[in-house]
Amino acid sequence: MSTMKKKQGRTRAQESSSAIERMYITMRHLFNRGFYKPMGVSGETLREALLLLRPEIYGSIGEEKAELEGLLYVVDRLPQGIEECTFINLTSDEGYANSHFKAIIPPKRRRNCYRIDDEQMNIEITRGRSEIYDILTHLTFLFVESHKISKRVIIDEEGTTVRDWQKLENAVNSTSKLTQKEREIAITHTANILGRTFNELTEAYPKFATESQPERLLHIVYWLGKLAIEETINNNKRTITFSPVLRERLGHHIHGEIWADTIKSALHKNDLLERPIHIISANMHSVMNTLFAKGTLKGADAKKDIFQTYEALSDSKNSSLRNKVEKSALQNGMIQINDTSGTNIDIQIFDTDKIDFSKTEFKYLEEAKENKAVIFVMDYAFGEQAYETLDELLKPIIVGDKHVHLDVKSISIMGKAGILEGGKGDVMIPTAHIFEGTADNYPFKNELSQKDLLDCGVSVYEGTMVTVLGTSLQNKEILKFFKNSTWNVIGLEMEGAHYQKAIQAASRVRGSINEDVKVRYAYYASDNPLETGSTLASGGLGTSGVKPTYVITKKILEQIFNS
């Protein structure tokens with residue numbers, strides 16, 4: 001009996017796993033082909049795989065009713081107005097920045113998008129394949145949802161629509177601002193179209209609204225439905241194209257190379273090239289604040305518990321406080337390089353020789369101080385981009401006529417990840433990264449261990465972690481399989497295997513850096529996708545991310561200063 005049960009239990013995870021693989025291969029195939037119609041025959045494999053997978057983040061994608069949280073998650077990551085476009089063109093960085101087109105940047109993903117005309121949106125891809133997978137999965141979700149709307153509103157072959165639809169159309173096309181009464185009437189009709197309650201829609205409404213579009217939810221539902229109706233009645237299908245330049249450049253590390261060259265020339269210019277270097281991939285505030293907040297803040301701010309100070313600094317409302325710390329950092333050995341290469345990865349370089357350690361929380365051993373280490377902080381990469389950027393960074397630089405190898409002593413990666421046991425704000429220490437959809441795995445010796453963080457007031461888990469193809473491709477069955485099988489997975493993220501692949505290649509195969517480079521990985525939990533309602537779609541971390549971020553940062557810096 002138990003074997004029968006086991007068989008059935010496992011098949012859903014296996015189905016999901018092969019659905020992810022199919023999506024991955026299909027996306028690469030469509031990209032090579034150059035264009036496809038998401039709701040046509042060419043998009044069928046993607047749609048079917050997504051509906052089979054039913055990822056947690058997209059909620060009720062498999063049901064008849066429309067999904068609101070998933071929709072919000074997706075529109076936050078796509079340019080405003082994309083729901084009106086029949087043609088979506090993914091391009092490389094092709095010079096639109098110098099044109100009259102105004103860049104549209106989605107609130108939750110830094111990428112430049114340009115509305116070319118009424119029908120066309122261009123999205124610039126500068127972060128490699130992971131970004132394409134991300135966008136294509138979001139668009140597939142969007143179009144599947146749009147066809148749910150059209151199914152509910154079309155009555156016959158001629159394209160006659162239900163009364164609810166006509167009322168929504170009037171509300172969206174109304175030139176005057178909607179009154180509360182008119183808005184509630186429109187919400188009533190829209191709720192009916194979406195198969196959701198009036199209450200659910202009223203709650204979601206303000207989350208979609210923007211300054212320029214207070215009625216954005218109505219607008220999105222109307223345009224998604226309108227284009228789906230046109231596809232169904234007039235066979236006027238939406239198309240996604242990949243520009244020839246993007247297809248030619250992808251995988252050539254073009255942006256990564258420019259990015260790495262800029263950094264190495266900055267190190268050279270500041271005479272830091274020959275010094276010992278510690279690379280940290282993290283955000284752009286925690287290392288700076290950990291080193292300089294304590295010495296900068298005076299009076300009431302200085303008396304606060306240090307974590308309260310960090311919390312205050314992480315709030316964008318306190319810009320004067322933030323500027324103080326940044327100004328102090330820039331005067332004491334920090335060099336800031338804002339990215340212009342298109343990788344969207346900014347840089348900070350700290351010359352420890354110029355830091356007054358008596359004003360920090362750290363004891364810096366005298367013998368270590370003589371090494372005059374350089375701390376190099378890079379913003380977090382996106383998926384496969386982690387390989388591209390780190391791979392280029394670790395290559396030797398040619399100065400005059402000789403190859404100079406960077407003296408990289410350690411590489412520390414700190415990021416956000418989904419956790420499978422535990423909750424938001426907990427910490428994960430990986431012992432290996434497994435790359436999803438392949439048999440690749442990267443074991444390594446992590447200089448950070450569970451016991452390093454035990455007294456820090458956060459829960460800490462240690463085990464393997466999965467590097468996934470996209471956060472929006474996971475469902476509970478697959479995650480349960482990871483967690484309960486002998487893979488013993490504690491969390492999932494998108495960059496680990498890619499970073500480690502670059503580190504191993506540089507240190508063990510190519511000999512670009514020392515073979516005994518020290519490696520540190522630590523992640524804090526942004527969500528637990530196994531608990532319903534706590535996926536990424538349920539909102540951000542708020543201040544619960546502050547403590548683990550700074551606890552990890554402090555440990556990494558302690559190890560660097562005392563190595």
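Start at 1 with the first residue, then count along the sequence.
Tested against M27 for a side-chain contact (heavy atoms from CB on, under 4.5 Å), the candidates L469, L46, I132 yield a single pass: L46. The one candidate from R129, R111, K108 that meets the salt bridge (charged side-chain N to carboxylate O under 4.0 Å, His left out) condition with D134 is R111.
A donor-acceptor pair under 3.5 Å is formed between the side chain of K264 and the backbone N or O of K395. Judged by distance alone, the side chain of E447 and the main-chain N or O of Q559 form no donor-acceptor pair under 3.5 Å. Judged purely by atom type and a 3.5 angstrom limit, T549 uses its side chain to pair as donor or acceptor with the backbone of G545. Looking only at distances, no side-chain donor or acceptor of N323 sits under 3.5 Å from a matching main-chain atom of E326. The backbone N or O of G383 sits less than 3.5 Å from a side-chain atom of E495, completing a donor-acceptor pair. Checked by atom type and distance alone, the side chain of D339 pairs as donor or acceptor with a backbone atom of S341 at under 3.5 Å.
Atoms CD and OG1, from E558 and T290 in turn, are 10.5 Å apart once rounded to the nearest 0.5 Å.
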Apply ring pair (Phe, Tyr, Trp, His ring centres under 6.0 Å) to residues Y96 and Y114 and explain how you reach the verdict. CA-CA 8 Å; Y96 291 104; Y114 301 94; 5.5 Å; yes

Stepwise salt bridge (charged side-chain N to carboxylate O under 4.0 Å, His left out) check, R322 with D315: CA-CA 9 Å; R322 290 170 129 185; D315 189 341; over 6 Å; no

Can Y442 and F435 be said to form a ring pair (Phe, Tyr, Trp, His ring centres under 6.0 Å), step by step? CA-CA 8 Å; Y442 298 89; F435 189 26; 7.8 Å; no

Test side chain to side chain donor-acceptor pair (under 3.5 Å) on T126 and D93; report intermediate values, then the result. CA-CA 7 Å; T126 55; D93 175 359; over 6 Å; no

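Taking the centre of each ring, F141 and Y58 come in below the 6.0 Å mark.
Within a 6.0 Å radius of NZ in K518, no more than 12 heavy atoms belonging to other residues, nucleotides or ligands are found. Counted within 6.0 Å of CZ on R508, heavy atoms from surrounding residues, nucleotides or ligands total 12 or fewer; the atom is thus considered open.
V509 places none of its side-chain heavy atoms less than 4.5 Å from the side chain of Q504. Side-chain contact between I280 and L557 is present, with at least one heavy-atom pair separated by less than 4.5 Å. Side-chain contact between K483 and V489 is absent, with no heavy-atom pair separated by less than 4.5 Å. Counting only heavy atoms from C-beta outward, the side chains of F357 and F561 approach each other to under 4.5 Å. Side-chain contact between I347 and V377 is absent, with no heavy-atom pair separated by less than 4.5 Å. Here the side chains of N441 and H433 are not in contact, with every heavy-atom distance at 4.5 Å or above. Proximity of P55 to Q474: side-chain heavy atoms (C-beta onward) are nowhere separated by under 4.5 Å.
Side chains of S281 and Y499: a donor on one and an acceptor on the other come within 3.5 Å. Under the 3.5 Å distance criterion, with hydrogens and angles disregarded, a donor-acceptor pair is assigned to the side chains of N283 and S286. Of the N and O atoms on the side chains of R127 and T343, not one donor lies less than 3.5 Å from an acceptor on the other residue. Side chains of S358 and D356: a donor-acceptor N/O pair is present below 3.5 angstrom, by distance only. Side-chain N/O atoms of Q336 and N338 include a donor and acceptor closer than 3.5 Å. Under 3.5 Å, the side chains of T464 and N488 contain no donor-acceptor pair of N or O atoms.
Under the 30°/60° scheme for interplanar angles, the aromatic rings of F307 and Y310 are found to stand perpendicular.
Looking at D426 and K547, no side-chain N of the basic residue comes within less than 4.0 Å of a carboxylate O on the acidic one, giving no salt bridge.
With sequence neighbours left out, F292 forms a ring pair (Phe, Tyr, Trp, His ring centres under 6.0 Å) with no residue at all. With sequence neighbours excluded, the residues forming a ring pair (Phe, Tyr, Trp, His ring centres under 6.0 Å) with H138 are Y73, listed by chain and number. Applying the ring pair (Phe, Tyr, Trp, His ring centres under 6.0 Å) test to F382 and every residue at least two apart in sequence or in another chain returns nothing. In this view, E94 and S243 satisfy the side chain to side chain donor-acceptor pair (under 3.5 Å) rule, not counting sequence neighbours. Every residue was checked against the ring pair (Phe, Tyr, Trp, His ring centres under 6.0 Å) condition with Y461, not counting sequence neighbours, and none meets it.
Pairs engaging residues 244-272 under the ring-ring contact (aromatic ring centres under 6.0 Å, His included) rule: H253-Y387 [sequence neighbours left out].
Between I135 and I123, the closest heavy-atom pair is CD1-CG2, 3.6 Å.
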